[in-house]
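It should be emphasised that the depicted structure is a prediction, and the values quoted were computed from it without experimental measurement. No hydrogens, no waters, no symmetry mates; every other heavy atom, side chains included, goes into these values.
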Amino acid sequence: MGFIIIEVCDYNLLSAEELEEVFNRPEVAVMSYECMNYCGMCAMRPYAMVNGNRIFGKTREECIEKIKKAVEKELEDIEF
């Protein structure tokens, strides 16, 4: 299902499997792509797209924390 889509490049420092473990919720979908056309970004630092917004971090842990905050904000904005 997924109201919130987290997109990650296969060559990124973050893995889709890692994000799926962290965001194991029915309203969150983690999508993995071979390439997201942001050449070089995935090799420089961890990043993901959350509903079309780029989220960066200096480390994987920092990036995941920022993604968590972005997901929570998106969930707050959704009116059920």
Side-chain angles (χ1 to χ4, degrees):
M1 180 167 145
F3 296 106
I4 298 170
I5 299 174
I6 301 172
E7 299 169 289
V8 64
C9 177
D10 287 342
Y11 301 104
N12 196 326
L13 298 171
L14 287 175
S15 71
E17 293 82 19
E18 179 177 27
L19 293 174
E20 285 172 352
E21 286 179 21
V22 173
F23 298 99
N24 187 12
R25 301 166 69 163
E27 63 273 6
V28 178
V30 177
M31 308 295 291
S32 178
Y33 301 101
E34 186 173 313
C35 182
M36 291 178 41
N37 294 320
Y38 294 106
C39 294
M41 232 191 294
C42 57
M44 291 186 333
R45 57 185 170 174
Y47 87 99
M49 303 286 283
V50 177
N51 282 359
N53 298 309
R54 283 182 272 180
I55 307 294
F56 295 96
K58 292 179 183 177
T59 65
R60 287 182 17 239
E61 293 80 12
E62 178 185 7
C63 191
I64 290 171
E65 286 303 314
K66 287 182 175 183
I67 293 169
K68 285 180 183 178
K69 288 178 184 176
V71 166
E72 291 304 319
K73 183 179 180 327
E74 291 284 335
L75 287 172
E76 288 175 6
D77 291 344
I78 296 172
E79 293 182 29
F80 290 98

_Pair K69 + E72: basic N to acidic O under 4.0 Å_ =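 Result for this pair is no, no salt bridge flagged.
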
*Among the clusters formed by ILVMFWY side chains lying less than 4.5 Å apart, do L13 and Y47 turn up in the same one?*
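No, because L13 and Y47 fall into different hydrophobic clusters, even though each may have its own neighbours under 4.5 Å.
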
*Are I6 and F3 linked, directly or through other ILVMFWY residues, by side chains that come within less than 4.5 angstrom of each other?*
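Same cluster.
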
Could you tell me the separation between the [atom1] atom of [X] and the [atom2] atom of [Y], rounded to the nearest 0.5 Å?
| X | Y | atom1 | atom2 | answer |
| --- | --- | --- | --- | --- |
| L19 | M31 | CG | CE | 13.0 Å |
| I67 | M49 | CD1 | CE | 11.5 Å |
| K58 | K66 | NZ | NZ | 8.0 Å |
| I4 | E74 | CD1 | CD | 5.5 Å |
| E7 | I55 | CD | CD1 | 12.0 Å |

_Tell me whether the count of non-hydrogen atoms from other residues, nucleotides or ligands lying under 6.0 Å of CD in E34 goes above 12._
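No.
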
*Identify the heavy atoms of F23 and V71 that sit nearest to each other, and give their distance.*
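F23 and V71 have their closest heavy atoms at CE2-CG2, 3.8 Å.
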
*Non-hydrogen atoms of N12 and P46 that approach each other most closely*: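 Taking N12 first and P46 second, the nearest heavy atoms are OD1-CA, 3.5 Å.
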
_Checking I64 against E18 for the side-chain contact (heavy atoms from CB on, under 4.5 Å) test, could you report, in this order, the C-alpha distance in whole Å, the side-chain angles of both residues, the deciding distance, and whether it holds?_
CA-CA 9 Å; I64 290 171; E18 179 177 27; 3.6 Å; yes

_Let's go through E76 and K73 carefully: what are the C-alpha distance in whole Å and the side-chain angles of both, what is the deciding distance for salt bridge (charged side-chain N to carboxylate O under 4.0 Å, His left out) to 0.1 Å, and is it a yes or a no?_
CA-CA 5 Å; E76 288 175 6; K73 183 179 180 327; over 6 Å; no

_Whether R45 engages the ring of F56 as a cation-pi pair (distance to the six-membered ring centre under 6.0 angstrom, angle to the ring normal within 45°) should be assessed._
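Flagged: R45 positioned over aromatic ring of F56.
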
